[in-house]
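Since the structure comes first, as structure tokens, the remarks are kept for the end.
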Amino acid sequence: MTKRRVLYDSQQLASWYCPNEIELKEQDRSSYRRAKAALTAALTGELSFARAAASHQLCRKRLSRMAEAAPRMHEDGMPNGYRVCVPWGTYSRNTSDHEGNDVPRKAGPGALHQLLVAIPLLRVWVDSFTQPLPPGRAPRTFDRLHERICAELRRRDLTDHYPLNSPDRGRRALLEYLRRHRIARMIPGILEVELTPPQKLEDAFKGRLFDRTEFDAHRIDVEGMLSVDVPEGGTVEKSITTIWLLVEVETRSRAIVSWSLRVGRAYNNLDLAKCLAVGLRPWVPRELTIPDLAYAPGAGMPTGLQSGLAARRSRSIALDNALAHSALDLEAAFCRSRGGVLIFGRAHEPRSRPIVEQLFSRLERGAFRRIPGGFEPAKRLGESKLRISKVNGSDHAFQLNVFEELIDVIVANYNATPHPALGSLSPLQFLQNQPRSVFEFIPESGTEDADDLCTIVVPLIVHGNRAQGVVPHVNYKYVKYRSAGLDDRWELIGKTVMARINRNDLRTMMLMRTATAPLCAARAASPWNRTPHDETTRMMIMQWVKNRSGFTIAGADCAVAAYVGFLRGKVGTSQLAVDQLARLDSAFSHGPAGPEEVDYYSASLRVAPDGWVSLDE
């Protein structure tokens with residue numbers, strides 16, 4: 001016999017409670033509208049239940065249950081109404097069918113509620129459970145509650161009753177009951193499940209300006225050709241393996257905070273430190289040498305804004321778990337000088353850092369692939385890359401300093417271009433128009449911190465032998481460092497001193513008595529004391545020396561000049577030499593400077609005051 005349905009007129013349905021769509025989650029609004037339209041059509045008799053469910057893409061059984069639950073009274077004294085249309089709705093199940101005190105024999109609708117009514121102790125345990133239940137896998141606290149309930153049922157010898165006779169022992173039903181019961185107890189109209197505390201560290205750094213920046217490195221889709229004058233005469237042209245663009249971007253404004261270039265198969269932690277240091281120094285437009293290249297009106301970087309806005313730093317940096325990112329030398333300098341939180345995520349997961357990944361896509365489509373030699377990589381196995389640029393890369397020789405000039409203009413103009421996510425505003429305009437916050441991280445020591453970010457403090461042992469006339473000295477990265485302040489300090493031999501080293505220029509270092517008190521300045525022995533060179537350059541030179549390639553720095557006046565000359569002779573047969581020669585700045589490739597070179601060893605050093613400092617007065 002067919003069950004007779006009760007029909008309602010439009011005025012009755014209008015008096016029912018109707019949730020506000022604004023209070024719903026965005027992904028639930030479409031489902032709510034369809035369920036509401038289907039329920040209205042079915043209860044007014046406009047369509048049958050089967051036609052109403054089919055026309056609004058709804059399950060007929062669900063529509064029937066909604067029609068039965070909607071007229072029932074809610075805990076607030078009003079009919080459930082259109083609350084039943086909300087996914088995980090706030091209506092209560094009808095408990096009239098389970099008023100008995102018998103424990104249910106098998107699973108079924110309302111079986112868990114009947115169990116809780118039959119055993120009040122379990123009801124007390126369930127109602128007192130207040131731990132958060134975020135979407136996804138249930139927490140360990142829920143598992144302990146479920147095990148406690150199962151243990152109590154076994155103690156009562158109810159192993160042949162529900163839920164112990166079900167496959168999951170009622171675990172899923174209990175989880176759904178807890179979530180549904182919490183929604184039912186909420187204030188009418190507030191349909192969010194509950195506000196849970198942040199479950200991950202990165203969730204605590206979202207919402208405000210400069211709460212979070214994202215960092216990543218990207219292989220630029222450009223075929224660079226290096227033209228080298230070889231010692232035997234003539235020119236050799238070789239392709240470069242990879243050009244890396246390292247970028248830090250602010251997530252709310254989409255502004256590029258800092259960037260740097262790296263040529264070679266990979267980048268290291270010093271390259272990352274250099275990139276982050278750029279975001280601490282004030283930005284100044286470059287003197288452009290490329291014809292017809294110009295900055296757009298309003299172009300620049302966040303560090304080039306007016307005073308008070310240029311010194312802002314992010315509270316956290318999100319980056320993947322590459323080895324270069326988690327190096328101790330980088331983390332120690334970051335905590336000491338820049339400050340903030342490093343949030344490491346998994347590599348090759350763009351969704352964890354969506355802003356910087358989208359930025360690379362915009363830069364590639366809008367600028368990089370139009371550079372001579374630009375191409376679009378193959379998307380499927382077996383396909384060939386698609387050339388985008390109309391100019392061949394072999395027609396224009398690669399120069400690092402000129403390419404950096406071009407990238408600086410592209411990045412500065414990007415920051416002045418209206419972004420779709422910001423409406424009609426550019427990233428820099430967005431930064432200027434946002435109200436200031438009292439919680440902004442704005443240190444006033446940007447330039448000093450940028451230099452300190454590429455500095456490390458390491459322990460070094462003082463070597464020497466008074467009997468043999470070997471004066472005290474220290475060794476670092478295969479090089480001996482001497483100082484006039486160590487010549488007569490024979491008592492330091494065998495002891496450990498701290499050395500403060502600028503990784504961008506290894507010609508000198510500062511030896512320290514303590515963490516703040518300087519001892520003396522030490523200079524590298526010849527041939528490492530002529531041309532400025534960073535830590536990466538020295539390691540590359542020593543690799544060529546140790547692998548028996550025929551290269552030696554013995555008897556050379558300048559190790560860097562000898563290194564450049566050796567690379568010029570190897571570019572015809574070694575791809576590694578091509579990449580390393582392309583990486584070197586033009587200042588390196590010209591060899592040591594003339595007599596007008598500044599003597600950095602005798603120049604005054606800015607160090608902390610010596611001795612005790614009293615703040616009593």
Side-chain angles (χ1 to χ4, degrees), residues 3 25 28 59-77 80 83-188 190-200:
K3 186 177 181 179
K25 294 182 179 180
D28 295 338
C59 176
R60 183 178 60 82
K61 292 183 178 181
R62 180 193 171 193
L63 182 59
S64 300
R65 291 195 298 266
M66 288 166 50
E68 294 176 2
R72 297 175 189 155
M73 299 303 294
H74 194 262
E75 294 178 355
D76 58 359
N80 287 321
R83 271 184 278 231
V84 299
C85 301
V86 180
W88 295 94
T90 62
Y91 60 91
S92 302
R93 289 186 181 271
N94 188 6
T95 60
S96 59
D97 298 334
H98 306 288
E99 294 179 352
N101 295 329
D102 296 335
V103 176
R105 285 281 181 178
K106 58 181 180 179
L112 182 60
H113 177 81
Q114 183 180 352
L115 174 67
L116 299 180
V117 172
I119 307 179
L121 178 62
L122 303 185
R123 183 67 174 263
V124 174
W125 292 350
V126 172
D127 291 343
S128 61
F129 183 78
T130 59
Q131 298 297 323
L133 290 174
R137 185 176 180 179
R140 182 58 185 165
T141 53
F142 170 81
D143 295 337
R144 287 195 287 266
L145 172 65
H146 179 253
E147 291 296 334
R148 186 181 182 187
I149 293 175
C150 293
E152 177 65 20
L153 293 176
R154 286 193 294 266
R155 189 185 69 82
R156 293 173 181 258
D157 197 18
L158 296 175
T159 55
D160 57 340
H161 289 66
Y162 177 82
L164 296 183
N165 58 1
S166 61
D168 65 342
R169 299 185 299 172
R171 188 179 188 278
R172 180 177 180 180
L174 178 61
L175 181 60
E176 292 180 355
Y177 177 86
L178 285 170
R179 287 173 171 164
R180 186 168 57 248
H181 187 61
R182 290 185 179 188
I183 296 175
R185 289 186 298 178
M186 294 176 64
I187 301 175
I190 306 299
L191 299 176
E192 295 290 341
V193 177
E194 58 196 77
L195 294 177
T196 59
Q199 300 297 318
K200 296 183 292 185

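- Under the salt bridge (charged side-chain N to carboxylate O under 4.0 Å, His left out) criterion, Arg62 pairs with no residue, sequence neighbours left out.
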With side chain to side chain contact (heavy atoms under 4.5 Å, CB included) as the criterion, how do Asp143 and Arg171 come out once you've worked through the C-alpha distance, each side chain's angles and the decisive distance to 0.1 Å? CA-CA 8 Å; Asp143 295 337; Arg171 188 179 188 278; 2.4 Å; yes
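- Taking CG of Asp168 as the start and NE2 of His146 as the end, the distance is 6.5 Å to the nearest 0.5 Å.
- No donor-acceptor pair under 3.5 Å is formed between the side chain of Asn165 and the backbone N or O of Lys106.
- Side chains of Arg123 and Leu115 form no contact here, defined as non-hydrogen atoms less than 4.5 Å apart.
- Scanning for side chain to side chain donor-acceptor pair (under 3.5 Å) contacts around Arg154 gives an empty result, with sequence neighbours left out.
- By the 30° and 60° cut-offs, the orientation of the rings of His113 relative to Tyr177 is tilted.
- With respect to the salt-bridge test (charged N to carboxylate O, under 4.0 angstrom), the residues Arg169 and Glu147 qualify.
- Residue Asp160 places its CG atom among more than 12 non-hydrogen atoms of other residues, nucleotides or ligands, all under 6.0 Å distant.
- Between Tyr162 and Gln114, the closest side-chain pair of non-hydrogen atoms is not below 4.5 Å.
- Heavy-atom minimum distance, Leu158 versus Leu164: O-CD1, 3.6 Å.
- If you take OG on Ser166 and CZ on Arg172, they are separated by 12.0 Å, rounding to the nearest 0.5 Å.
- To the nearest 0.5 angstrom, Trp125 atom CH2 is 8.5 Å from Leu145 atom CG.
- Considering all non-hydrogen atoms of both residues, Pro139 and Pro132 come closest at CG-O, 3.6 Å.
- Pro104 and Ala111 get closest at one heavy-atom pair: CG-O, 3.4 Å.
- No side-chain donor-acceptor contact under 3.5 Å links His161 to the backbone of Leu153.
- Shortest non-hydrogen contact noted between Ala69 and Asn80 is O-ND2, 2.8 Å.
- Remark: Glu152 does not engage Arg148 in a salt bridge, criterion side-chain N to carboxylate O under 4.0 Å.
- In this structure, CG on Leu112 lies 11.0 Å from CG on Leu175, to the nearest 0.5 angstrom.
- Between Val103 and Arg156, every side-chain heavy-atom pair lies at or beyond the 4.5 Å cut-off.
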